Structures are given as structure tokens and as C-alpha cells.
Amino acid sequence: MNVMNSGRSFSKLTRLGDLIDFRNDIVHPKDNPKGEAIFVGLEHVERNTGIRIGAEKVDLTELTGRRARFFAGDIVYGYLRPYLNKVWTAEFDGICSVDQYVFITRENVDRNYIAHFFRSEQFLKTAPVDSTPGQLPRIRSGEIADTPIALPPLNEQRRIAAILDKADALRRKRKHALDLLDNLIQSIFLEMFGSPESNPKGWKQGRISDLLEDTQYGTSEKAGEKGDYPILRMGNLTADGRMNFESLKYIDLDDKDLEKYTVRRGDILFNRTNSADLVGKTAVFDRDERFAFAGYLVRARVKKGVSPYYVASYLNSRHGKATLRGMAKSIVGMANINAKEMQSIPILIPDAKIQRAYSDALASIEALRAVSKRHMRLLDSSFSSLQSRAFSGQL
DNA sequence: AGAACGAAATCGTCCGCGCC
DNA sequence: GGCGCGGACGATTTCGTTCT
């Protein structure tokens with residue numbers, strides 16, 4: 001049977017269950033396991049990329065619940081909420097949650113090929129997800145085993161997996177480059193202004209209020225899917241001090257409220273209510289379109305000659321974050337910093353000239369970053385097109 | 001209008017129960 | 001009696017409403 005009618009086609013479709021085995025090696029607390037193990041749970045695997053973002057050393061004698069054992073080279077697949085796409089190839093031996101299946105590939109089956117298949121849209125589309133009440137969708141082992149998969153000869157599998165690996169590696173490299181640019185920005189800040197604690201350059205000391213002309217809370221109107229203006233909410237401020245414009249909602253505004261509840265280029269946005277870690281996220285709005293902003297954000301406009309980027313970078317710096325954390329008032333699991341408190345934060349006031357130089361430096365790095373970002377998006381889209389061709393015999 | 005607070009949504013761990 | 005299934009529960013994050 002041919003899978004595709006164009007390009008190279010595979011000779012047959014197989015059951016996924018014929019290519020892999022479930023390891024099913026459970027650690028039971030009641031068996032009194034001894035020693036230590038590395039735990040890699042769902043929380044330690046990044047969604048979509050499958051990159052391991054952590055691990056935990058655990059004492060097996062203190063284990064209270066069941067765990068699954070995995071060994072280096074196994075495919076560890078999070079079958080709870082499969083749309084999160086958490087597929088990790090183990091780099092070492094350890095244990096994971098029982099909401100992860102551990103797979104071993106059989107003879108003549110390339111494990112990278114299988115791992116890529118688990119990650120592919122084809123798999124997510126074909127494997128039926130059971131809808132247990134309570135928002136806990138899972139793909140069951142039987143469904144996984146019955147999923148059809150095209151299986152070319154081993155060398156073909158390797159070739160396809162290698163192409164996908166290469167494309168994936170490019171994405172990671174690009175991501176790394178982006179991280180380096182972020183570090184660069186922080187170094188430039190320190191280089192130009194010196195550490196805020198020791199003030200080696202002897203700048204004038206002041207408070208944030210000295211630099212601001214005006215602060216304003218956003219609208220508390222409820223936002224919806226439709227409306228005249230897109231509205232910026234907490235999620236549109238990233239933890240590293242940027243804006244993103246994803247998952248926007250919309251709102252209608254009276255003309256008289258336009259000035260009050262919308263931002264313009266160069267405004268600072270400050271997140272006054274969030275969890276203790278995220279409260280105080282700050283970013284500069286740098287577009288020309290009109291956006292409204294929500295009530296848990298504070299809009300701050302700087303005085304003439306002040307760089308909003310300097311202020312935002314200061315609040316986002318390690319020192320700034322520590323200050324914010326110290327002053328946040330925590331209630332019911334969330335922290336607050338109101339506009340007055342934010343303005344009372346001490347800050348150094350460097351010359352306008354050097355603030356401008358900082359803005360300029362930042363702008364040129366951001367330009368580089370934008371190029372990198374665009375490149376990243378291209379890589380992403382070519383990766384997913386490669387992926388879909390890979391499993392339909394077109395690679 | 002601004003601040004406080006409650007609720008909802010999301011994610012993931014852990015555990016008990018009943019079935020094969 | 002082990003394991004799959006289903007869900008209780010806690011932590012985190014976001015959003016909406018109520019109070020002052």
C-alpha cells in the first residue's frame with residue numbers, strides 16, 4: 001500500500017505497537033527500593049521541544065507513590081494532556097511519573113525516528129484521546145499501539161530522523177544565539193551605568209517618580225474576542241522584559257477614554273498584580289498602533305530626556321527584581337505593588353546623553369534580535385513542513 | 001478609580017479503587 | 001494482587017468582581 005501518491009513512498013503501514021515495547025518497569029514503594037534516582041517528571045520536559053528543563057534527585061526509600069523506571073536511550077512520552085507534546089529521549093537512567101510511558105524500540109527501528117513520530121502532528125491527530133472529566137485527557141497505551149505508522153527500511157528511518165534532527169539543531173542554535181543577545185543587553189546596562197548598589201559612576205540618586213511625568217492604571221472593562229482596540233494584559237509582558245502580542249483580546253472604548261486607556265510608543269507598562277515571582281514585569285511599548293491596556297497594568301510615561309528603556313531595564317535587572325520582591329505585598333498567593341510604591345523605588349539618574357546612548361545600543365541589539373527571531377520563525381515553519389513530509393513518504 | 005480579593009483555568013503529582 | 005483508570009488535590013497563573 002502506498003502512503004502517498006507523490007514523491008518517494010513507503011512500502012507499508014505498520015502498527016506503532018509492533019515497533020516499540022512498553023517498558024512498564026514500575027518502582028513500588030512497598031518493595032522498599034533503596035538508593036537514589038534522578039526523577040524527570042512531566043514538569044521537567046519542555047512542551048513541544050522535548051528538551052529537558054530540569055530533574056530532581058530523589059531518595060527511593062522516601063518514595064510514597066509509584067514511579068516508572070527508564071534507561072538511557074528510552075523514549076519517555078507524557079501521555080497526560082498529550083497536546084503538550086512532551087516527548088523526551090532519556091540521556092541517563094532514572095525514574096519518571098506514571099503519567100509518562102517509557103518505550104524501547106525494537107530491532108530495525110530507529111529510536112529517533114519514533115521520537116520524531118511521537119512529536120509529529122500526524123500522531124497527535126490520529127491517536128484518539130480519551131476525555132476523562134476534569135480536564136485530564138490522556139492517550140491510552142492501546143491507542144498508541146494501534147496508531148498506524150509508515151516504516152521505511154532502517155537506513156531510510158535514520159536518514160529521515162537525521163534530517164529532522166538537523167533542522168531541530170538549527171532551531172536550538174538560533175535560540176541559543178537569542179539568549180546570548182539577552183546577556184549582552186544586561187552587560188551593556190552594567191557597563192554603561194555601573195552597578196546600582198555601589199554606584200561607581202557617582203550618578204545622582206533619586207526615585208522613579210523623578211523620572212516620570214504620569215502614571216495611569218488600565219481599564220477594568222472586561223475584554224472579549226471582538227472590539228475596536230486590542231488590549232494588552234499581563235500575558236503580553238514577558239518575564240524578561242519584552243512585549244509579545246499573542247492571544248490578544250479586544251475591547252471597545254469611548255472616545256473620551258482613548259487617551260486614558262491606550263498606550264503610545266515609549267510608554268512603560270508595569271505589571272502591578274501577579275504571583276510573587278512575576279509581579280513587577282516591566283516592558284516598553286514600541287509600536288505605533290493603538291492598544292488599550294488592562295487594569296492590572298500600570299502605564300508610566302517618562303519625562304522629556306528620560307529613556308523609558310533605562311527605567312524598564314533597571315526594573316528588570318537583578319537588582320530591580322530584588323527590590324520589587326522585597327516590597328511586594330502578598331495576599332492569597334498573589335503579590336501587589338501599586339503605582340505609588342513602584343514610583344518610590346530608588347534609582348540612579350544618569351545623564352540624558354548616556355541614557356540616549358543606552359537606548360541606541362539597545363535598539364541596535366533589538367534589531368539583530370528581530371532578524372534572529374524572523375530566522376527562528378522560518379526555521380520553525382520549515383521544521384513543521386519537514387515533519388509532515390517525513391511521515392508521509394515525501395522526504 | 002484604585003486596591004483587594006475571590007474564582008477560574010491550567011498543569012502536574014499522587015493515590016485509591018476495582019477489575020482482570 | 002498488580003496495574004490501569006479516574007480523580008482528588010495542590011500549586012501556579014490569569015482574570016473578573018467587589019469593596020472602599
Side-chain angles (χ1 to χ4, degrees), chain A residues 22-31 39-48 53-56 58 62-69 76-86 88 95-102 129-145 214-225 231-239 244 246-251 254 256-257 260-261 270-281 292-299 327-343:
Chain A
F22 289 75
R23 190 177 277 285
N24 245 334
D25 187 352
I26 302 296
V27 186
H28 285 277
K30 60 176 169 52
D31 294 338
F39 176 73
V40 177
L42 285 161
E43 60 190 304
H44 300 121
V45 180
E46 190 177 65
R47 44 171 88 178
N48 298 319
I53 46 179
E56 218 174 302
V58 293
E62 285 170 12
L63 216 57
T64 59
R66 284 172 287 170
R67 297 286 184 281
R69 212 176 250 124
V76 179
Y77 176 71
Y79 67 94
L80 173 67
R81 299 190 177 101
Y83 57 89
L84 295 176
N85 208 359
K86 299 195 169 191
W88 175 60
I95 56 174
C96 60
S97 159
V98 284
D99 287 310
Q100 289 160 298
Y101 286 131
V102 179
V129 173
D130 76 353
S131 48
T132 38
Q135 291 293 306
L136 294 166
R138 291 181 240 234
I139 298 187
R140 296 299 174 183
S141 54
E143 309 291 1
I144 291 179
D214 164 63
T215 62
Q216 172 66 47
Y217 281 59
T219 171
S220 40
E221 284 297 299
K222 191 179 161 182
E225 299 309 312
I231 177 166
L232 298 169
R233 298 168 298 153
M234 323 198 256
N236 301 112
L237 297 190
T238 66
N244 72 57
E246 286 149 32
S247 57
L248 287 169
K249 288 197 172 183
Y250 297 85
I251 194 171
D254 281 352
K256 64 172 169 55
D257 289 335
K260 194 167 177 185
Y261 291 137
F270 176 86
N271 181 198
R272 65 177 180 89
T273 302
N274 210 321
S275 62
D277 276 347
L278 295 178
V279 74
K281 288 191 289 185
F293 64 108
Y296 28 79
L297 300 181
V298 179
R299 180 189 74 192
M327 69 195 303
K329 287 179 290 191
S330 252
I331 28 156
V332 290
M334 43 195 298
N336 280 290
I337 300 175
N338 65 33
K340 219 175 258 158
E341 292 161 335
M342 184 267 278
Q343 292 190 80

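Keep in mind that the numbers below use all heavy atoms, side chains included, and drop hydrogens, waters and symmetry copies. Remember, it's a predicted structure, so these values are computed and weren't measured experimentally.
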Item to complete: Using a cut-off of strictly less than 4.0 Å, decide whether A/Arg67 has a side-chain nitrogen or oxygen near OP1 or OP2 of B/dT13.
Response: no
Item to complete: Check whether the side chain of A/Asp99 and the base of B/dC14 form a donor-acceptor pair under 3.5 Å.
Response: yes
Item to complete: Hey, could you give me the CZ/CD1 distance between A/Phe270 and A/Ile337, rounded to the nearest 0.5 Å?
Response: 4.5 Å
Worksheet item: Taking only side-chain nitrogens and oxygens of A/Arg233, does any of them come within less than 4.0 Å of OP1 or OP2 of C/dT14?
Response: no
Discussion item. Closest-nucleotide mapping onto DNA chain C: is A/Asn271 or A/Ser220 further toward the 5' terminus? I mean the 5' end.
Written reply: A/Asn271
Worksheet item: Would you call A/Arg138-A/Asp99 a salt bridge at under 4.0 Å N-O?
Response: yes
Fill in: Contact under 4.0 Å: A/Tyr261 side-chain N or O vs B/dA1 OP1/OP2
yes
Worksheet item: Could you give the CG-to-P distance, from A/Asp257 to B/dG2, as a whole number of Å?
Response: 12 Å
Discussion item. Please check: side-chain N/O of A/Glu341 versus main-chain N/O of A/Asn338, any donor-acceptor pairing under 3.5 Å?
Written reply: yes
Item to complete: Measure from CD1 on A/Ile337 to C1' on B/dA4 and round the result to the nearest Å.
Response: 15 Å
Worksheet, complete the sentence: Picking from B/dT13, C/dC3, B/dC15, the nucleotide nearest the side-chain atoms of A/Phe39 would be B/dT13
Discussion item. Any base atoms under 4.0 Å from A/Gly78, or only sugar-phosphate, or nothing? Heavy atoms, all strands.
Written reply: nothing
Practice prompt. Check if the side chain of A/Arg140 and the base of C/dG4 share a donor-acceptor pair of N or O atoms closer than 3.5 Å.
Written response: no
Practice prompt. Using the closest heavy atom to pick a nucleotide of DNA chain B for each, name whichever of A/Leu42 or A/Arg66 lands nearer the 5' end.
Written response: A/Leu42
Worksheet item: What integer distance in Å separates A/Leu248:CG from C/dC15:C1'?
Response: 16 Å
Worksheet item: Is the distance from OP1 or OP2 of C/dC3 to the nearest side-chain N or O of A/His28 less than 4.0 Å?
Response: yes
Worksheet item: Do the side-chain N or O atoms of A/Asn274 get closer than 4.0 angstrom to the phosphate oxygens (OP1, OP2) of C/dT14?
Response: yes
Worksheet item: Measuring from A/Ile231:CD1 to A/Asn236:CG, what's the distance to the nearest 0.5 Å?
Response: 9.0 Å
Worksheet item: Under 4.0 angstrom, heavy atoms only, what part of the nucleic acid is A/Tyr79 near: base, sugar-phosphate, or nothing?
Response: nothing
Fill in: Of the listed nucleotides B/dG12, B/dA1, C/dC3, the one nearest the side chain of A/Leu84
B/dG12
Practice prompt. Round to a whole Å and report the spacing from CZ of A/Arg272 to P of B/dC5.
Written response: 13 Å
Discussion item. What is the distance, to the nearest angstrom, from the CG atom on A/Leu80 to the P atom on C/dG7?
Written reply: 13 Å
